> 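I'd like to ask some things about the structure below.
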Amino acid sequence: MAKTYEKYEGKEDHLQTMTANYLRLKYPSVLAFHTPNGGLRNKIVAAKLKRQGVRPGVPDWLIIKQSGVYCGLAIELKVKGGAINANQKARHLEFIAEGWDVAVVWSLDEFIDILEDYLT
């Protein structure tokens, strides 16, 4: 029977913090990092980040660990009211083509389940 998840109703940055805490506590030796591509920025900061290589649509979490046929796990976090945009869809397809597993999660519980399934 498939699990159902309640979409997290808080802010995405709070969900990001909860997932970071979980990773730090449960898997401190796994190379995993958040890619802070989103958020509101002024034009000067946005231009600077673009020059430095920020690419739109990169998933929120990159887990650099091979598992089965996958070379890594990319996770996009969303909260209730959120949606995957065109840049994210395109980038997810690029990751899949390069051998990554890609998931979109809507809650901490779903993040934990996806991560545990991938790492074990």
Side-chain angles (χ1 to χ4, degrees):
M1 184 168 151
K3 291 184 178 182
T4 58
Y5 299 94
E6 291 293 321
K7 288 185 177 181
Y8 181 72
E9 295 194 37
K11 291 185 175 184
E12 195 170 299
D13 60 345
H14 184 64
L15 179 57
Q16 179 64 46
T17 300
M18 292 187 308
T19 58
N21 289 339
Y22 182 82
L23 273 163
R24 276 192 288 266
L25 291 170
K26 181 85 187 265
Y27 295 103
S29 64
V30 170
L31 178 56
F33 56 90
H34 167 59
T35 53
N37 287 341
L40 296 175
R41 295 182 170 91
N42 67 47
K43 290 180 182 181
I44 294 170
V45 172
K48 179 181 177 182
L49 290 173
K50 186 175 182 178
R51 285 192 308 273
Q52 292 176 345
V54 169
R55 302 216 26 215
V58 173
D60 293 306
W61 277 107
L62 298 178
I63 313 298
I64 313 299
K65 183 166 180 61
Q66 185 175 357
S67 179
V69 300
Y70 300 109
C71 62
L73 173 62
I75 300 176
E76 180 65 39
L77 301 177
K78 291 293 174 188
V79 295
K80 189 173 184 176
I84 302 298
N85 65 40
N87 284 330
Q88 291 168 328
K89 288 177 187 177
R91 197 69 68 214
H92 292 179
L93 291 174
E94 290 173 351
F95 271 83
I96 291 166
E98 292 298 327
W100 286 68
D101 191 7
V102 176
V104 178
V105 303
W106 298 87
S107 69
L108 178 61
D109 289 337
E110 190 174 12
F111 176 86
I112 290 169
D113 286 348
I114 294 288
L115 187 66
E116 296 294 331
D117 286 348
Y118 185 81
L119 294 176
T120 58

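Just so it is clear, the structure is predicted and the values come from calculations on it, not from any experiment.
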> Would you say that Asn21 contacts Arg24 through its side chain, given a criterion of any heavy-atom pair below 4.5 Å between the two side chains?
yes

> Taking His34's backbone N and O only, do any of them form a donor-acceptor pair with Asp60's side chain (distance below 3.5 Å, no angle check)?
no

> Quick one: are Leu62 and Trp100 in side-chain contact, heavy atoms under 4.5 Å?
yes

> State whether the side chain of Arg91 and the backbone N or O of Pro59 hold a donor-acceptor pair below 3.5 Å, judged by distance alone.
no

> Do Leu25 and Phe111 sit in the same hydrophobic cluster, where Ile, Leu, Val, Met, Phe, Trp and Tyr count as joined when their side-chain heavy atoms come under 4.5 Å apart?
no

> Nearest 0.5 angstrom please: Tyr118 OH to Ile63 CD1, how far?
8.5 Å

> One pair to check against side chain to side chain contact (heavy atoms under 4.5 Å, CB included): Ile75 and Thr19. What are the steps and the verdict?
CA-CA 11 Å; Ile75 300 176; Thr19 58; over 6 Å; no

> Measuring only between side-chain heavy atoms, which start at C-beta, is Glu76 closer than 4.5 Å to Val105?
no

> Does Ile114 reach the side chain of Leu73, with side-chain heavy atoms less than 4.5 Å apart?
yes

> Does Glu98 have more than 12 heavy atoms from other residues, nucleotides or ligands lying within 6.0 Å of its CD?
no

> Supply the atom-to-atom distance Leu23 CG to Met18 CE, rounded to the nearest 0.5 angstrom.
12.5 Å

> Flag yes if more than 12 heavy atoms outside Leu31 fall under 6.0 Å of its CG atom; otherwise flag no.
yes

> Are Thr35 and Trp61 packed together at the side-chain level, in the sense that at least one heavy-atom pair is separated by less than 4.5 angstrom?
no

> Is there a path of hydrophobic side-chain contacts, each under 4.5 Å between heavy atoms of I, L, V, M, F, W or Y residues, that connects Val30 with Phe33?
no

> Please examine the side chains of Thr17 and Asp13, heavy atoms only from C-beta on, and report whether any two atoms are closer than 4.5 Å.
no

> In sequence, state the C-alpha distance, the side-chain angles, and the governing distance for Lys11 and Val79, and then conclude on side chain to side chain contact (heavy atoms under 4.5 Å, CB included).
CA-CA 7 Å; Lys11 291 185 175 184; Val79 295; over 6 Å; no

> Do Leu93 and Phe95 have side chains that get closer than 4.5 Å, going by heavy atoms?
no

> Report the C-alpha distance between Trp106 and Leu15 in whole Å, list the side-chain angles of each, state the deciding distance to 0.1 Å, and finish with yes or no for side chain to side chain contact (heavy atoms under 4.5 Å, CB included).
CA-CA 9 Å; Trp106 298 87; Leu15 179 57; over 6 Å; no

> Less than 4.5 Å apart, side chain to side chain, heavy atoms only: is that true for Val104 and Gln88?
no

> Tell me yes or no: between the side chains of Tyr27 and Glu116, is some donor less than 3.5 Å from an acceptor?
yes

> If we ignore hydrogens and angles and just use 3.5 Å, is the side chain of Ser107 paired with the main-chain N or O of Glu110 as donor and acceptor?
yes

> Okay, side chain of Lys78, backbone of Ala83: is any donor-acceptor separation there less than 3.5 Å?
yes

> With rounding to the nearest 0.5 Å, note down the distance linking CG in Leu119 to OG in Ser67.
6.5 Å

> For side chain to side chain contact (heavy atoms under 4.5 Å, CB included), just list the numbers for Arg55 and Val58, CA-CA rounded to whole Å, side-chain angles, deciding distance to a tenth of an Å, and then say yes or no.
CA-CA 6 Å; Arg55 302 216 26 215; Val58 173; 4.0 Å; yes

